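The block underneath contains the structure these notes are about, expressed in structure tokens.
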Number of protein chains: 2
Amino acid sequence: MEKTVQNFGDKYEKCPMYYTMSILEGKWKWIILWEISRAGVIRYNRLRELLKPIAHKTLSQQLKELESNNIIHREQYNEVPPKVEYSLTKEGESVIPILSLMYQWGKEHRLEGEVLDDGSCMNA
Amino acid sequence: MEKTVQNFGDKYEKCPMYYTMSILEGKWKWIILWEISRAGVIRYNRLRELLKPIAHKTLSQQLKELESNNIIHREQYNEVPPKVEYSLTKEGESVIPILSLMYQWGKEHRLEGEVLDDGSCMNA
DNA sequence: CAGTATCCTGCTTGATACTG
DNA sequence: CAGTATCAAGCAGGATACTG
């Protein structure tokens, strides 16, 4: 699997913050997490719709990374047509407070420009 | 100045979380912030020494971005040889709790591998 | 429906050398 | 000392087409 985060020297990779950053970082990870959190349970194409300009490859790749980090759970139903649902794991739920704090901070400290504060981060 | 964070559509850029991420994101930003926070006040070359494999260009670039976001303060003394000190602004201090939370979370949830928890994130 | 497989591009990061 | 300037490269992210 492709990695989203590059290597430093060994020195920094043992830092707990590095681990957390490696999970949250990436152009879409935090948005994906936020949306899954808001939805509770969500299907692949619905998610893709919400994040509209996102590419297939990007979405599935980041979902895989999040899954392999035990942040989200992938439930596959063996039906035709296929059905896959994503939800947060316990681990995943435990990162949401970090995102909330970032949300809070951004709301209070953004210097210029309008900010949405309805929690959607969508629909301008 | 070069930007560290790429554009989505307009939709996401108004999200407060996006603003926060744009400040913290980047390979070195959070480490730089953490180190300045630990030091209180720190000179350019000392910082560079702490982050050793970092490139001149990378460091000065990220410092500039942090400065323009009003996260750090750059104090320049007109002496020979030159002396420049970096410190956190009030804004900058207010992001530290986010990093602390990330530190905490990483410590508790990291799956494998050793983790340093002395707050240094350095010196393997 | 929910993905891979390829191929491609631009940006972030870096190495190195020069300067006020 | 504390940076810029220039040049180069690696990789995250994306477009598009194909598949179980």
Side-chain angles (χ1 to χ4, degrees), chain A residues 1-9 12-13 18 21-32 36 39 41-68 72-87, chain B residues 1-9 12-13 18 21-32 36 39 41-68 72-87:
Chain A
M1 185 191 333
E2 301 178 50
K3 274 198 76 187
T4 293
V5 177
Q6 329 81 323
N7 296 341
F8 299 86
Y12 309 107
E13 304 195 346
Y18 172 78
M21 276 304 309
S22 73
I23 284 174
L24 262 28
E25 209 168 52
K27 186 169 173 183
W28 294 98
K29 288 254 189 81
W30 55 277
I31 301 185
I32 293 172
I36 295 181
V41 175
I42 193 168
R43 295 181 65 173
Y44 181 88
N45 271 342
R46 172 67 182 144
L47 198 49
R48 191 170 173 235
E49 201 177 304
L50 287 173
L51 312 179
K52 190 88 94 197
I54 200 171
H56 245 331
K57 185 203 161 188
T58 306
L59 179 54
S60 72
Q61 177 187 313
Q62 310 231 41
L63 284 172
K64 262 194 175 172
E65 288 183 25
L66 288 167
E67 193 194 354
S68 82
I72 62 174
H73 172 71
R74 180 179 182 277
E75 186 70 37
Q76 177 169 355
Y77 301 87
N78 288 319
E79 305 171 356
V80 181
K83 177 178 170 184
V84 177
E85 289 180 338
Y86 289 93
S87 56
Chain B
M1 185 189 336
E2 300 177 52
K3 274 199 80 188
T4 292
V5 178
Q6 330 81 322
N7 295 341
F8 300 87
Y12 309 108
E13 304 195 346
Y18 171 78
M21 276 305 309
S22 74
I23 283 173
L24 263 27
E25 209 167 51
K27 188 169 171 183
W28 294 98
K29 287 254 190 82
W30 53 279
I31 302 184
I32 293 172
I36 295 180
V41 175
I42 193 168
R43 295 180 64 173
Y44 181 87
N45 273 340
R46 171 65 182 147
L47 198 48
R48 192 172 171 231
E49 200 178 304
L50 288 173
L51 312 179
K52 191 89 92 193
I54 200 171
H56 244 334
K57 186 199 162 190
T58 306
L59 178 55
S60 73
Q61 178 186 313
Q62 310 233 44
L63 285 172
K64 261 194 176 173
E65 289 183 24
L66 288 167
E67 192 193 355
S68 82
I72 62 174
H73 172 71
R74 180 179 181 279
E75 185 70 37
Q76 177 171 356
Y77 300 87
N78 289 318
E79 305 171 356
V80 181
K83 177 178 171 183
V84 176
E85 288 180 338
Y86 289 93
S87 56

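Proteins come first, then strands; the chains are lettered A, B, ... in the order of their sequence lines, and each starts at number 1. In this text the structure is predicted, and so the values were computed from the model without any measurement.
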Are A/I42 and A/L50 side-chain neighbours, meaning at least one heavy-atom pair lies under 4.5 Å? yes
Let me know the distance between CD1 of A/I72 and P of C/dA2, rounded to the nearest Å. 14 Å
Residues which pass salt bridge (Lys or Arg N to Asp or Glu O under 4.0 Å) with B/R74, listed by chain and number, not counting sequence neighbours: none
Is there a side-chain contact between A/K29 and A/I23, using heavy atoms and a 4.5 Å cut-off? no
Could you tell me the separation between the CD1 atom of B/I32 and the C1' atom of D/dG3, rounded to a whole number of Å? 14 Å
Could you work out, with salt bridge (Lys or Arg N to Asp or Glu O under 4.0 Å) as the rule, every residue matching B/E49, not counting sequence neighbours? B/R46
Are A/W28 and D/dG14 close enough that a side-chain N or O sits under 4.0 Å from OP1 or OP2? yes
Residues from residues 73-87 of chain A sitting under 4.0 Å of DNA chain D, heavy atoms only? A/P82
For A/S87, the side chain to side chain contact (heavy atoms under 4.5 Å, CB included) test, sequence neighbours excluded, returns A/V41, A/H73
Does A/R43 place a side-chain N or O at less than 4.0 Å from the phosphate oxygens OP1/OP2 of C/dC1? no
Please tell me if B/T58 has a side-chain N or O lying less than 4.0 Å from either OP1 or OP2 of C/dT13. no
Dump the intermediate steps for side-chain contact (heavy atoms from CB on, under 4.5 Å) on B/L63 and B/L47, then the final yes or no. CA-CA 11 Å; B/L63 285 172; B/L47 198 48; 4.0 Å; yes
What does A/R48 touch in the nucleic acid at a heavy-atom separation under 4.0 angstrom: a base, only the sugar-phosphate, or nothing? nothing
Give every pair of a protein N or O atom and an N or O atom of nucleotides 4-6 of chain D that lie under 3.5 Å apart, one pair per line with the distance.
unit_1: D/dT4; atom_1: OP1; unit_2: B/K64; atom_2: NZ; d: 3.1

How many Å lie between CH2 on A/W30 and C1' on D/dA12, as a whole number? 16 Å
Dot-bracket, 5' to 3', for DNA chain D please: Watson-Crick or G-U pairs under 3.5 Å, [ ] where pairs cross earlier ones, | where the partner sits on another strand, dots elsewhere. ||||||||||||||||||||
Could you work out, with ring-ring contact (aromatic ring centres under 6.0 Å, His included) as the rule, every residue matching A/Y86, not counting sequence neighbours? none
Could you label the plane-to-plane angle of the B/Y18 and A/W30 rings as parallel, tilted or perpendicular, counting under 30° as parallel and over 60° as perpendicular? tilted
What is the distance, rounded to the nearest whole Å, between atom CG of A/L59 and atom P of D/dT16? 17 Å
From NZ of B/K52 across to C1' of C/dA15 the rounded distance in Å is 17 Å
